[in-house]
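Read the structure below first, then the notes.
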Amino acid sequence: MLERYTERTAVWPDEIWDVPLEEIPETLEALNPIDMEPVDERDFRSLSKKELQVRISHVVSPSKIFIQWLSSESILKSLQEKMATIYKESQPQHVTWEGSMHCAVYIRDLKQWQRGQISRIVSETSAEVILYDSGAEKTVDISCLRKLEENMKIIRALAIECSLTDIRPTGGSTQWTATVCECLSYYLTGAQVKIIIQESDVACALPVKILCKDETGQLMDISEHLIKKGLAFRNRRTNTAGVACSVSKEHLKVHLEQENTRLDGCNSKTACSRNSAAPEENITVSESEQKSCKTSKSLLHSGVDEIYKSPVIPEVKHFQAVVSSIGRDGTIYIIPKSFEVELNKLMAEIQSKFQCLGLLEPYCWKKGEACVVRGSDTMWYRGKVVELGGSTLQVQYIDHGCIEQIPPCHLYPTTLYSDIPPYCIPCQLYKTVPIGNLWQQDAVDCLQELLTNEEVEIHVQELPDNPWGKLSINLYFGGMSLSSFMAYQKYCITEDCQDTPELELHERDVPVLPSYMLPQLPIPGDTFAVRVTHLVSPKEVYICLDPSKNLMQQSTTKGDASSDLESLDEALKWCNKSVETFPLLTHFQTGTPCLVEYQDGVWYRAKLLSIAEFDPVKVLVQFVDYGSFSVVPTSRLRHIPYHLLKYPVQAVRALLAGFKPALYDKNVKRIPYSPEWSVEALWAMMECVEGKQLSASILALSPEVTISLYEDDKNLVHMKLIEMGLADLDE
C-alpha cells in the first residue's frame, strides 16, 4: 500500500532539528517545572502587540485554545522519544491513582506516550487526564498510565492556554455553541498560525488575536471570520445596559388577545392546513396596543396540547428524516425531509413578524404553557415550558424537540401559528427495551453522538396510542439498524431476541446503501500517467491516475460549512483524528463502504467483500483507493462519514492487453487463485511496475477496462516477461 499522511510521519513547516533531552541545560529558568496554573500575562508583556508564530495544539472553544511555541517543538519531540524509550516495554503498575497526580499516558490512537495529569478518576478502570503539552483532555484506561519520571517534570507544560477575548457568544448566552467549537477546532487544530497578544484584565488565559491563512493564502483574523459568519458577536465593553422595551401586563394581555384573534381567523379559513398564509401585520408589543383590546385570561396558561395540533405523521411507511434532537429519556425527535421547506418558511415568517425583546416583568409561568423562546442564535422559536425552576425554566422547542434552560427574559407567553402542527415527531425504537427499562446516560450520550443532525431512514412500525405519543419505528443510519447497533453495544435488548446484529452478508431486506463514486477515465486512445498500486496477477492490476498529484479533489458548495476545496487526503487526515467517535460497523452487507484500519495504524476507505472467518469473526475487505485486499477483525471496521463518499475511488481495476500465460508447466509453482500464471511471472511483473511512473492507453471500457501499459521508454511493460519466457504474445 502506498504511504499516506500520518501525524507520526508528517514534517511540520519550519521544523527545528531535535535537541536531545540530556543536552537541554539543567538551569531552565525560562522553562519552569510543570505548572498548570493560569498563564501570568506579565511573562508575555514584552511580546504584546507582536506577531508570533505558534502551532494550535488543541481547541475547546474560542475561550479556550491551546498553543505551542514553534521553538518548543524540538523539546516536545525529544520528550516523546525519551518517553518511548523509557515506557515502551513497561507493564501496568500497581498504583492507587488519584486526582492531580502526574503521569505518563499512552495515547493508543497515536501510538505515543505523553505527559499528563489526572483531573479525575472516572471508574476503577479509567481516568480522565489532561495532556499538558497539548491541552487536550482524554479518558483513558488505567493500564495506559505510568508514573512520570522525575526528569520528565523539569520542563514546564509546553501548551499555553489562550482566549479570543474580542468576541462573545451570540444570543446573549455565556456558553459557546457546539457549532462554533467544532468549526474552530476543524480549521485550527494542528495549524501553524500567527498570534498577537492583547491587553486584558482577565488572567485565566492569554488574550490573543489569531491570524491564519484563508483559501486564497491571505491572512485573516479568525475572530472577524466568526463574526462575519454569524457565529460570534464583537465583544464591546460598556457599562450601560442594552436598550430593552419594558412590557407591562397590559401589553402582554393585549398582544395575546390580538394573536388569538388573528389565529382564530386563520383557522376558520385554512383549517387542517399546514400551508396557512402569513399574517399581514407584524406581531409587536407596543404601548398603542394597550387601548385596543381586553385580556383573554384563558389563553394565558393554555397548554401546548390544547392549543397546537398534534404532529403530522407522513402517510408513507418508509421515509427519510433528520434527527433534530435526542431527549434525556432516549426519545428520538425527527423532522421528515419532506417537511424541511415548510419549517424553513415558518421560521422565516416568525423572525420577520415577531418583534420583541422578551418578557421583562415578573410573570407566573405554568408547566406545559405555550411560549415563544429566543434561542442562543437570537432566533425566535415556538416552545413550551416543561419544568419550572428558580432563575431559569426548562423549555422545549416544539418544532425541534430539544430542551434547554432558558432565562424568563428570553420567553414570551403566547402561541404562534397554532393551526400549524409541530414539525418534529417524537419516536421510540420498535420492540427495543433499554437495560433496566430506562435509557442510561451513557446510552443517551451514544445516541446523541450518533444521530444528532444526521439524515436517517425511518420505517414506521406502530402509530402512537394518542396523537402526542411516540411513534414506534425502526431507524437505519448508513444502512445500519440502530436497534441492532444499540443491542450490540449492550445498551438494550430487542424483544424478538435478535439482541445482536447478524454477522453475515445480507443480500436482501436491508436499506439500499450509499456507494463510492467511480472516477472519470480518459478517452480511449489517449496516453496518461498512471501508477500500479496492486497486482492480482501479471494480467490483472489496479492503477491510480495522476499519482504525482494529491488524490482527486472534490469542490464543496459555496457557502458550505467547509467553504474551501478539501482533498481526500485532508478529509482522511481529519477522520483519523476523530475515528474513535465513529461507531463500529455492525451491519455487514456486500459492498458496504467503511473505514478500515490498516497495518500501519492508519484508517483508509474500503468496502466489505465477504466474511472470511467466523470464530472470531473476520471480514475480507478491499481498500478502494489502492485495490489491495485484507482480512481484518470487526474491531478494525468503522462507519464511514458520508462526506468521504463524495470522492471518487482512486484505484481502477484494469486488464493488460497484448500477452498471455506461457504454456502450462506442472513443475512450476503457480498462483493458487490464478493457476494459469506462475509465481515467478507475478514477481517479475511486480519488479517491472512497483514504485515506477508508467503510462497507459485505454483500449476498451467494456466489458472490462483494458489497457496497454508502457514504461518510461515507451516500451510495453509485458515485453520483459516475454523475453524471460514467462508469457507469450497474444495477437
Side-chain angles (χ1 to χ4, degrees), residues 1-4 476 478-481 484-485 488 500-519 532-544 551 568 572 575-576 579 582-642 644-645 647-655 669-677 679 682-683 685-686 690 704-705:
M1 178 173 289
L2 301 182
E3 183 172 291
R4 284 284 187 88
Y476 298 90
M480 189 188 311
S481 164
S484 293
F485 174 80
Y488 180 77
T500 56
E502 295 181 29
L503 297 177
E504 59 183 34
L505 297 184
H506 299 279
E507 297 294 348
R508 53 191 177 85
D509 298 329
V510 292
V512 176
L513 293 176
S515 59
Y516 294 109
M517 294 171 55
L518 297 177
V532 174
T533 56
H534 180 67
L535 280 84
V536 178
S537 72
K539 197 171 180 67
E540 181 183 349
V541 300
Y542 283 83
I543 59 173
C544 181
L551 291 175
L568 175 57
L572 282 171
C575 285
N576 271 273
V579 71
F582 305 148
L584 291 168
L585 202 63
T586 59
H587 190 99
F588 301 95
Q589 180 183 0
T590 301
T592 299
C594 58
L595 287 175
V596 178
E597 185 181 22
Y598 189 59
Q599 297 170 359
D600 58 4
V602 180
W603 294 77
Y604 300 91
R605 298 196 303 172
K607 65 179 179 181
L608 302 184
L609 297 181
S610 64
I611 298 294
E613 300 177 21
F614 285 93
D615 189 19
V617 175
K618 291 188 177 181
V619 182
L620 176 64
V621 300
Q622 183 178 32
F623 295 95
V624 296
D625 297 315
Y626 301 94
S628 54
F629 302 83
S630 184
V631 174
V632 297
T634 56
S635 60
R636 285 165 57 186
L637 302 173
R638 289 192 182 266
H639 184 64
I640 189 169
Y642 182 76
L644 279 182
L645 300 178
Y647 300 96
V649 298
Q650 303 303 304
V652 179
R653 178 178 175 273
L655 299 181
K669 189 175 182 180
R670 297 282 164 176
I671 303 175
Y673 54 83
S674 187
E676 68 273 17
W677 288 101
V679 173
L682 180 63
W683 284 110
M685 178 61 81
M686 194 174 297
E690 189 174 26
E704 295 179 293
V705 176

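Computed from a predicted structure; not experimentally measured.
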Output for pair (E676 CD, I671 CD1), nearest 0.5 Å, gives 7.5 Å
Smallest heavy-atom separation, R605 atom then P648 atom, equals NH2-O, 3.0 Å
ask   = Is the closest side-chain heavy-atom distance between L518 and V649 below 4.5 Å?
value = yes
dist L572:CG -> I640:CD1 (nearest 0.5 Å) comes out at 7.5 Å
| query | Going through the checks in order, is the side-chain contact (heavy atoms from CB on, under 4.5 Å) test met by L585 and V619? | reply | CA-CA 11 Å; L585 202 63; V619 182; over 6 Å; no
For V652 and P519 the tightest heavy-atom approach is CG2-CG, 3.5 Å
Task: Q622 side chain to F629 backbone, donor-acceptor under 3.5 Å - done: no
With a 4.5 Å cut-off on side-chain heavy atoms, are L645 and S515 touching? no
CG (L595) and CH2 (W603) are apart, to the nearest 0.5 Å, by 7.5 Å
For V631 and K618 the tightest heavy-atom approach is CG1-CB, 3.7 Å
Backbone N or O of P538 within a donor-acceptor pair of the E540 side chain at under 3.5 Å? no
Q.
Please check this pair: side chain of Y647 against backbone of Y516, looking for a donor-acceptor N/O pair closer than 3.5 Å.
A. no
Value for CG (L609) from OG1 (T592), rounded to nearest 0.5 Å, stands at 10.0 Å
**Q.** N/O donor-acceptor pair under 3.5 Å between S481 side chain and S484 backbone
**A.** yes
Tightest non-hydrogen contact, residues I543 and A654, listed as CD1-CB, 4.5 Å
In this structure, OG of S630 is separated from CD of E597 (nearest 0.5 Å) by 10.5 Å
Taking every heavy atom of L535 against every heavy atom of M686, the minimum-distance pair comes out as CD2-N, 4.0 Å
_Please determine whether side-chain contact (heavy atoms from CB on, under 4.5 Å) holds for the pair L655 and R653, giving the CA-CA distance in whole Å, both sets of side-chain angles, and the decisive distance to 0.1 Å._
CA-CA 7 Å; L655 299 181; R653 178 178 175 273; 4.0 Å; yes
If you define the side chain from C-beta out and look only at heavy atoms, does anything of F623 sit under 4.5 Å from V596?
yes
d(Y604 OH, L568 CG) to nearest 0.5 Å is 11.5 Å
Between L682 and V536 the two heavy atoms that sit nearest each other are CD1-O, 4.4 Å
